[in-house]
Amino acid sequence: MTDRPRHSRRPPAGAARELPNLRTLPRSFYERAVLEVARDLLGMMLVRDLPRGRRLVGRIVEVEAYDGRRDLACHASKGRTKRTDPMFGEAGRAYVYFVYGMHCCLNVVTGPVDYPAAVLLRAVEPVEGWRWLAARSSEPARIASGPGRVTRAFRVGLSLNRADLCGGGPLRITRGKPVPPRLIARGRRVGVDYAGAWASKPWRFGVRGHPALSRPFGSGRRT
DNA sequence: ATCGAGATTACA
DNA sequence: GTAATCTCGATC
């Protein structure tokens with residue numbers, strides 16, 4: 001790996017209070033090719049601060065990469081619009097969009113400014129603060145498996161669109177234990193069958209065999 | 001002003 | 001397999 005991410009959060013000078021042992025990923029982590037960022041996000045921690053000092057932490061176990069205007073599965077293939085604008089902006093910020101009249105999806109913007117690319121967070125494994133999360137009937141309980149469930153569990157709505165994940169905001173991603181390549185499953189992205197050849201790019205990544213994966217991984221081929 | 005589609009989820 | 005549900009983007 002070329003550029004080992006350094007920790008952006010340094011000990012605040014005076015205020016010794018609420019010093020997280022969690023190290024926020026620096027912007028440089030996101031200022032790379034989206035496929036690398038996607039892979040490297042596996043194992044990292046999604047952190048959400050809620051009112052009343054509550055905090056949710058979850059380990060990212062499944063993601064998808066969307067890469068630029070040429071990628072017909074990427075929203076930015078439609079051009080720069082009000083909706084897709086965040087993807088053209090600064091890396092390390094959230095791109096949140098609303099779909100199917102009921103779900104929000106959370107993405108992390110990557111790459112240089114003006115190059116629209118992002119990583120969709122599809123599944124997260126609970127680590128901290130999840131006791132209240134009402135699991136659905138037959139589920140293994142307490143997982144956020146699927147992009148709509150991730151945002152629901154983490155209370156991520158459109159108000160967090162463009163939120164900076166590298167700063168001290170209510171939503172951030174911190175350093176976790178990276179997942180070694182041999183434990184990473186790849187496959188085609190979900191729900192993008194309309195994208196022609198781009199639909200079969202193996203740009204979905206997940207922790208192999210993890211129970212929180214939103215769907216089984218098929219055989220990914222092609223670049 | 002109206003219309004159609006969608007990076008999904010839950011349930012019959 | 002399909003209903004639910006709404007924002008955005010395109011079209012009239």
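Quick note: numbers below take in every heavy atom, side chains included, and nothing from hydrogens, waters or symmetry partners. Sequence lines set the chain letters: A, B, ... in the order given, protein chains first and strands last, and positions in each chain run from 1. Computed from a prediction, not measured in an experiment: that's the story for all the values here.
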Quiz prompt | Residue A:Val190, side-chain heavy atoms: nucleotide from B:dA7, C:dT7, B:dT8 that is nearest | solution = B:dT8
Practice problem: Name the nucleic acid region contacted by A:Arg189, choosing base, sugar-phosphate or nothing; use a 4.0 angstrom heavy-atom cut-off, strictly under. | Solution: nothing
Exercise. Check for a donor-acceptor pair, side chain of A:Arg48 on one end and backbone N or O of A:Arg155 on the other, with a separation under 3.5 Å.
Key: yes
Self-check item: Nearest-angstrom distance from the residue atom OH of A:Tyr100 to P of C:dC8
Solution: 17 Å
Quiz item: When the distance from NE2 of A:His103 to C1' of B:dA7 is rounded to whole Å, what number comes out?
Solution: 12 Å
Quiz item: Which nucleotide, B:dA7, C:dT7, B:dT9, lies nearest any side-chain atom of A:Phe98?
Solution: C:dT7
Quiz item: Are A:Arg152 and B:dT9 close enough that a side-chain N or O sits under 4.0 Å from OP1 or OP2?
Solution: no
Practice problem: Can you tell me the distance, in whole Å, between the CG atom of A:Asn161 and the C1' atom of B:dA7? | Solution: 15 Å
Quiz prompt | Spacing of A:Trp198 atom CH2 relative to B:dA7 atom P, expressed in whole Å | solution = 16 Å
Quiz item: Which heavy-atom pair separates A:Arg189 from A:Ala65 by the least distance, and what is that distance?
Solution: NH1-O, 3.0 Å
Practice problem: Kindly confirm whether the side-chain ring of A:Tyr97 is stacked on the base of B:dA7, judged by centres under 5.5 Å and planes under 30°. | Solution: no
Exercise. May I have the distance from A:Arg149 (atom CZ) to B:dT8 (atom P), rounded to whole angstrom?
Key: 13 Å
Quiz item: Are the side chain of A:Thr84 and the backbone of A:Gly79 linked by a donor-acceptor contact shorter than 3.5 Å?
Solution: yes
Quiz prompt | Who pairs with B:dT2 - Watson-Crick or G-U, where each distance is under 3.5 Å | solution = C:dA10
Exercise. To the nearest Å, give me how far apart CZ (A:Arg69) and P (B:dA7) are.
Key: 18 Å
Self-check item: Salt bridge A:Asp40-A:Arg32, side-chain N to carboxylate O under 4.0 Å
Solution: yes
Quiz item: Given B:dT9, C:dG9, B:dA7, which nucleotide is nearest the side-chain atoms of A:Arg215?
Solution: B:dT9
Quiz item: What nucleotide, of C:dG9, B:dT8, C:dT7, holds the atom closest to the side chain of A:Lys82?
Solution: C:dG9
Quiz prompt | Contact summary for A:Arg204 and A:Arg215, nearest pair of heavy atoms | solution = NH2-O, 2.8 Å
Practice problem: Can you tell me the pairing partner of B:dA7 across any strand shown, Watson-Crick or G-U wobble, with both distances under 3.5 angstrom? | Solution: none
Quiz item: Looking at the side chain of A:Arg83, which of C:dT5, B:dA10, C:dC8 is the nearest nucleotide?
Solution: C:dC8
Quiz item: Given atom CG of A:Leu72 and atom P of B:dA5, what is their separation to the nearest angstrom?
Solution: 18 Å
Quiz prompt | N or O in side chain of A:His75 less than 4.0 angstrom from B:dA7 OP1/OP2 | solution = yes
Exercise. Let me know the distance between CG of A:Leu158 and C1' of B:dG6, rounded to the nearest Å.
Key: 14 Å
